[in-house]
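A quick write-up on the structure given underneath.
Both counts, for ligands and for their atoms, begin at 1 and track the order of listing. Keep in mind the model is a prediction, meaning the values are calculated, not measured.
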Amino acid sequence: MKVGVIGAGTMGQGIAKAFAQIDGYTVALCDIKQEWAEGGKDKIVKGYAKLVEKGKLTQEEVDKITGSITPGLKEDICADCDLIVEAAFEDMTVKQTTFKELDAICKADCIFASNTSSLSITEIGKGVNRPVVGMHFFNPADRMKLIEVIAGVNTPADIVEKIKKISEEIGKTPVQVNEAAGFVVNRILIPMINEAAFIKMEGVSDIEGIDSAMKLGANHPMGPLELGDYVGLDICLAIMDVLYKETGDSKYRACPLIRKMVRGGNLGCKTGKGFYVYNADRTKTAVDKL
Ligand code: 3HC
């Protein structure tokens, strides 16, 4: 099966790896510029090189995986895809436009899926001449086991079933979710990160204290502020804003500290600074003043 992954950023790279690691899957990794698609593939190759250095994978295994990922433009390499997983910028217009363009490029039986983290699948599919389904991966997408499979109002049941089957084929566990802002995981997880930012803002504890408390007290693999940096504070903010806009419920009010950090370009790991500063030697230091 050939999968077109649209968007070669963090999620797109992880999704590309999730498919390419499985025999029988090839990936077209796309972005709006050829060099961005190639940059995404370069990061994938570098990540695997570290695993070879650590003895986790052989060079032969890595060559097989990376050899099945082709970077490029969707108009050049997606015509024969069997499945599209869109992981473009989290913006309704961007996603709608992307699917309308893909409609003209892809063969008729290609399934259209979106990796949106909180937007309406029904609205994403508006004006597209084939159904759109949600296929929501979790970061790091090559290792996290869950895929939320989301049916929009116009998504036929057989498409949902096909995505569940594909999810299982790539070693994931699908959970079917009805359309709702944030679906299941992000509706719980992102408000938790948001609350941690409020706790920091109010001075209840410091960054490391908050993260240690949740790691040791709730057995979370990462603390909420560390996780916010990992997911990207811009993504967390966008999801909070969707939850608030869709429900009108003040419990989803985004923390002003996160909004301020996003405005300042402190987005977390991807910019090298969020609640922590990420050093070149892969260590991190909590930021004193936010
Ligand atoms: N093959 C073989 N070995 C591999 C491998 C691979 N493909 N990838 C990694 N490994 C190895 C590593 O080298 C490492 O080996 P080592 O222990 O000998 O050094 C071992 O496997 C473990 O890898 P890591 O150290 O990277 O992994 P951790 O065990 O520290 O876990 C984590 C990292 C999975 C990120 C964990 O901290 C975690 O689960 N964090 C929470 C993530 C989370 O909540 N994600 C959801 C975010 S929300 C989201 O994505 C939704 C979106 O819409 C916003």
Not counting sequence neighbours, which residues clear ring-ring contact (aromatic ring centres under 6.0 Å, His included) with F112? List them please. F99
Give a yes or no on whether K107 atom NZ has more than 12 heavy-atom contacts from other residues, nucleotides or ligands under 6.0 Å away. yes
Taking only Lys NZ, Arg NE, NH1 and NH2, and the carboxylate oxygens of Asp or Glu, determine whether E90 and K95 approach each other closer than 4.0 Å. yes
State whether F138 and K172 meet the cation-pi test: NZ (Lys) or CZ (Arg) under 6.0 Å from the six-membered ring centroid, and within 45° of the perpendicular axis. no
Residues K284, D229: salt bridge by 4.0 Å N-O rule: no
Student check: side-chain heavy atoms of M144 and F137 closer than 4.5 Å: no
I'd like the atom pairs linking ligand 1 to the protein - N or O on both sides, separation under 3.5 Å - with distances to 0.1 Å.
from     : atom 1 : to   : atom 2 : distance (Å)
ligand 1 : 13 (O) : K54  : NZ     : 2.9
ligand 1 : 15 (O) : K56  : NZ     : 3.3
ligand 1 : 18 (O) : K56  : NZ     : 2.8
ligand 1 : 19 (O) : K54  : NZ     : 3.0
ligand 1 : 23 (O) : R143 : NH1    : 3.2
ligand 1 : 26 (O) : R143 : NH1    : 2.8
ligand 1 : 27 (O) : R143 : NH1    : 3.1
ligand 1 : 45 (N) : N139 : O      : 2.8
ligand 1 : 50 (O) : N139 : N      : 2.8
ligand 1 : 53 (O) : H136 : NE2    : 2.7
ligand 1 : 53 (O) : N186 : ND2    : 3.0

